[in-house]
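Letters A, B, ... are given to chains in the order of the sequence lines, protein chains preceding strands, and every chain is numbered from 1.
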Amino acid sequence: MPRYAMVIDVEKCVGCMACVIACKKENKVAEGYFRTRVVEEVRGEFPNLRMELRSELCNHCEIAPCIDACPTRASHRAKDGTVQIDHKKCIGCKACILACPYDARYIRPDGTADKCTFCQHRLKEGKLPACVETCLGKSRIFGDLDDPESEVSKLLRTHDAAVRLEWAGTKPRIFYVNKRFPGGF
Amino acid sequence: MRWSRRDFLKVVAASGGIGVVGATQVDRLLGLGRKPEGKPVYVPTVCEMCFWRCGVMAKVVDGKVVKLDGHPAHPQSRGKLCARGHGGIGLLYDPDRLKHPLIRVGQRGEGKFKKASWDEALNYVAEKMLKIKETYGPESVALFTHGTISTYFVHLLWAYGSPNLGMPSYALCRGARDIAFKLTFGAPVGNPERVDLKNSKVIVLMGFHIGENAHNSMCQEFAEAVGKGATVIVVDPRFSTAASKAKYWLPIKPATDLALLLAWINVIITEGLYDREYVAKYTEGFEKLAEAVKEYTPQWAEKETDIPASLIIETARIMGKNKPSVLIHPGRHTAWYGDNTQRVRAIAILTALLGAYGRPGGIYLPPKNPLPYYGFGDFCGIPYPENQKPEIHKGPYPFTREEGVIPEIIKTTLTEKPYPIKGWLITGTNLIKSTPNQRDTIEAIKKLDLVVAVDMMPFDHVLYADVVLPECTYLERYDDIFVVKERSIGVALRQSVVNPMYDTKPGWWIAKELGVRLGLKEYFPYNDFEDFLKAKCEALGLNFEELKQKGYIEIPGTANPYINEASEFKFKTPSGKIELYSKQLEEAGFPPIPTYTRHEQPPKGYFRLIYGRVPVHTFSRTTNNPSLWELMKENAAWVNAKVAKQLRLKNGDYVVLVNQDGVKSNKVKLKVTERIRPDCVYVPHGFGSFSPMLKRAYLNGADDQQLITRYAVDPISGSVGMRVNFVKIEKA
Ligand code: SF4
Ligand code: SF4
Ligand code: SF4
């Protein structure tokens, strides 16, 4: 079983938003909803400034509160280790949305919960997630943590990586490497 | 009647296209999302969401375009598309598209039209054009045009007998840059720019915001260079996305860029940081340059630019140390002030001093082009008629080009001097949003006997048209073959991915049908566009079928990026060398070496209006695109946080911008931010459409162009400086 993960090389994001719309088109995400976003965070005062552009999406947490919260087992861990939603089982109770500390989920127009799937359908065809494939900065890097030769494994071996809200204890599989501000943004 | 899937497939087969019926019909017939989906078909083509022209792979399922991805082999996409490229589907299925020809019934500007057939609409236009030709002469029709459609309409204009055309991409955008590089190196810097970003060790961006300016392969190479540790120096009154990647952000006082450039040149020369061998071998006029820039010391420049002299020296040394792999980006939109050519000349001169032209990490050389030029003129084989009257589109500017200076055409239309202009053909450009001083544009329109708009969307200018001819989108048409001049020569084909929706037609068809009605049939000797494309392929030695299948073909052995120092190298300037000192300029009565002139700064209570791009939109063209509108529905005016506090304004407040001539903007949200100097206001370009036919974009945000009532024309190139307007902020 692979352990899919994404490393965000923050420095290389050029803020082009290609990922955001490629995801929407690939997954036919309904109008008004997004499975991934690019957050802009600015620190300092003019003219001493720094800014981080940070891609955010479902963390496919190893310890996933959304799965625990789901009363129908619609939210589940798939064989490939990713966190998925079975829309046939979902009753739209929103328990997962409350449980997720990352604001990764939403209720789509058909009343069921939805979020990033790591483009599971593409992975099955041997393709990369849509956002990764089109990332102009090659800032989004995808791979298998169990493969020591994968780019994600190599990056995590050689760089300190951060995860969002580490204190939540969810063991995210989206890692952030910021070569510009290695000590943290 | 009930439709089975089989019946639908029969319809598809019968008409021989992939896509036959409109999207909404497809949805109705098949039920959107109802399984099973048909097998996807992939069609290679070329993007037109901006003018970078990336290669695209379009995925079509059941006659509907469902996804657009980057063509892996095309050097400008490299398997990726920008947000706008992915959002091309939104243009195709935008319900607000122009769907059939229209003829005006109300007043110009009211936007009241009646539906017409193509025959009616084309006959109407042809009749008026023939009348103008008879009464005033053919020169009295002018063409404003942008993009691929220009190929067909410039041909039509010239065949009809008028030289008067204006392309916004020249005087309102890149013109000064192309002229400056031509004067200095003998060749413009190209489109895509011949910037060797991926090999650069130092990247200098002056008011050029890569990332926000989402030109695909340029963004890719910039990120690659950043990842490899290139030192980025960003000169911008605004902390752009690129500035956040920079080691040095120099928040320059707007309008003083030339002072900084001259001071950098001064340091590079006085500290002996230039490439002596290169300068001796390839350039001319070094001594005169050294003499001329003596006065431009870093201490002097500090007072002009607000950048500490120590930082000017430090950044110049970094360039000197890393020569020749230094890229001082020549920019794209260089229409800022009245001395645009001289400013870009200074960039060119600095590039030359660092030995960075034709060297890794600087500006690479044009590829060797073995392909003959083959245009419409070659295809029809008849010369264009001689002009009877002098052309007016270039104005009095000695170094301007055929693409013309749009405000000159507008001025002539207003004054009728030296002769009246009575007809405007507007193809593929929203003239209202691209041209400064909207009042002049609208007044000029009142003088006309004929206004024709050929477009895909009912943009602002369409409201003023007598006749509207709906062009189909780039996903529904063939276009002329693109000769791609990146590091190598390649050819790319735009082909129809689906058949045209509604009663829309390709640009080549519209031009031909108009030509036929103007008695110019022999200039359009094709029935189907494939006739022309096949002839062109033959002339270029290409296989049309192969091109259709692959979408992009690279011509091997054409790359020639760097100067071969072993053999003699001649630049295409009169002297055969890089002209640091320009005799051509001198002879035309201009300073042969750039000199600094101070531009007016905003009076008290006013801010300089600066404008730029956002990554998810291309000017006003995409503001109504449902896919892209969703990402950004309106623009926001950026104001420095301290200034906002003084004015008691909060982030998200709606305000009105009022310019020095009392012109008021539409209401616009404030972005209160540390990321901008206190003396300017930044407005992303292209918003605030006043066309009610654009249901999403209508009156969303402010239109920067509306506030640009003043402009300063560069006397060398005719480039129209538009950053010379001041605004104050009032509560909405
Ligand atoms: S990010 Fe949220 S939705 Fe995704 S796995 Fe973690 S808890 Fe669940
Ligand atoms: S596609 Fe890549 S570079 Fe562009 S915004 Fe997304 S993460 Fe950043
Ligand atoms: S840069 Fe973007 S919009 Fe422009 S041609 Fe390429 S994909 Fe299309």
Side-chain angles (χ1 to χ4, degrees), chain A residues 9-34 37-38 40-54 109-110 119 121-122 125 127-128 130-141 155 177-181 185, chain B residues 32-33 59 65-70 77-90 210-220 222-224 226-227 229 239-245 247 249-251 306 614-616 626-628 630-632 640-642 673-678:
Chain A
D9 185 345
V10 176
E11 193 186 27
K12 291 180 76 179
C13 174
V14 295
C16 66
M17 305 291 153
C19 49
V20 174
I21 186 159
C23 164
K24 286 211 66 161
K25 295 294 168 202
E26 179 69 38
N27 297 297
K28 303 188 181 77
V29 178
E31 189 182 317
Y33 302 96
F34 297 92
R37 55 186 169 243
V38 180
E40 166 192 305
E41 205 178 313
V42 184
R43 300 260 172 92
E45 276 183 27
F46 177 91
N48 301 307
L49 296 168
R50 51 159 86 170
M51 182 170 86
E52 183 175 90
L53 293 165
R54 191 174 55 244
D110 75 352
C119 283
H121 63 290
R122 288 175 60 99
E125 294 171 22
K127 293 183 188 158
L128 288 167
C131 64
V132 174
E133 182 175 274
T134 208
C135 176
L136 293 197
K138 294 198 180 140
S139 167
R140 293 179 178 230
I141 300 148
L155 267 166
V177 167
N178 193 333
K179 296 180 191 160
R180 189 169 167 82
F181 302 110
F185 176 66
Chain B
L32 181 63
K59 181 178 175 184
V65 182
V66 296
K67 180 100 190 284
L68 301 168
D69 283 305
S77 46
R78 307 176 195 182
K80 299 169 184 294
L81 292 183
C82 79
R84 299 159 300 164
H86 285 293
I89 298 172
I210 297 186
E212 285 152 292
N213 188 344
H215 291 121
N216 191 346
S217 48
M218 182 143 38
C219 288
Q220 294 188 40
F222 177 65
E224 190 180 335
V226 167
F239 190 77
S240 58
T241 299
S244 76
K245 315 286 169 195
K247 177 149 186 222
W249 172 44
L250 311 180
D306 282 357
V614 291
V616 300
S627 308
L628 299 170
E630 196 187 352
L631 269 74
M632 185 174 179
N640 174 277
K642 284 202 186 67
T673 176
E674 298 289 342
R675 293 173 59 193
I676 190 166
R677 281 174 62 97

Region of A:K138 in contact with chain B, defined by heavy-atom distances below 4.5 Å | side chain

Run the numbers on A:H121 and A:E26 for side chain to side chain donor-acceptor pair (under 3.5 Å), then give the verdict.
-> CA-CA 10 Å; A:H121 63 290; A:E26 179 69 38; 2.9 Å; yes

Side chain, backbone, both or neither: which part of A:V132 has a non-hydrogen atom closer than 4.5 Å to chain B?
-> backbone

Please look at B:R677 and chain A and tell me whether the side chain, the backbone, both or neither of the residue comes under 4.5 angstrom of a heavy atom of that chain.
-> both

Interface moiety of B:L68 toward chain A, non-hydrogen atoms closer than 4.5 Å | neither

side-chain contact (heavy atoms from CB on, under 4.5 Å) assessment of A:L53 paired with A:E40 | CA-CA 5 Å; A:L53 293 165; A:E40 166 192 305; 4.0 Å; yes

Of the backbone (N, CA, C, O) and the side chain (C-beta and beyond), which part of A:V29 lies under 4.5 Å from a heavy atom of chain B, both, or neither?
-> neither

Per-residue contact mode, B:D69 against chain A (heavy atom under 4.5 angstrom) = side chain

Between the NZ atom in A:K24 and the CD atom in B:E630, the distance rounded to the nearest 0.5 Å is 3.0 Å

Output the option from B:N216, B:V66, B:T673 having the highest count of non-hydrogen pairs under 4.5 Å with chain A.
-> B:N216

Of A:G137, A:C16, A:C19, the largest count of non-hydrogen pairs under 4.5 angstrom with chain B goes to A:C16

Residue selection (most heavy-atom pairs with chain B, distance under 4.5 Å) from A:A22, A:G15, A:C13, A:P47 | A:A22

Please list, chain by chain and in numerical order, all residues satisfying side-chain contact (heavy atoms from CB on, under 4.5 Å) with B:A83, sequence neighbours excluded.
-> A:M17, A:I21, B:V616

Check: A:L155 and A:I141 side chains under 4.5 Å, non-hydrogen atoms = yes

With a 4.5 angstrom heavy-atom cut-off, could you sort out which part of B:R84 is near chain A: side chain, backbone, both or neither?
-> neither

side-chain hydrogen bond (donor to acceptor under 3.5 Å, both in side chains) filter on B:S217, not counting sequence neighbours, yields B:W52

Measuring heavy-atom distances to chain A, does B:K67 have an atom under 4.5 Å in its side chain, in its backbone, in both, or in neither?
-> side chain

Most chain A-contacting option - heavy-atom pairs closer than 4.5 Å, from B:Q220, B:E224, B:R78, B:K245 = B:K245

Beyond-backbone contact of B:M632 with B:L628, side-chain heavy atoms, under 4.5 angstrom = no

Based on non-hydrogen pairs under 4.5 Å, which of A:K28, A:E31, A:K179 is most in contact with chain B?
-> A:E31

For each of B:P678, B:S627, B:P626, tally heavy-atom pairs with chain A at distances under 4.5 Å, and name the one with the top tally.
-> B:S627

Is the side chain of A:E52 donor-acceptor paired with the backbone N or O of A:V10 at a distance under 3.5 Å, no angle test?
-> no

Side-chain donor/acceptor of B:K80 to backbone N/O of A:E133, under 3.5 Å = yes

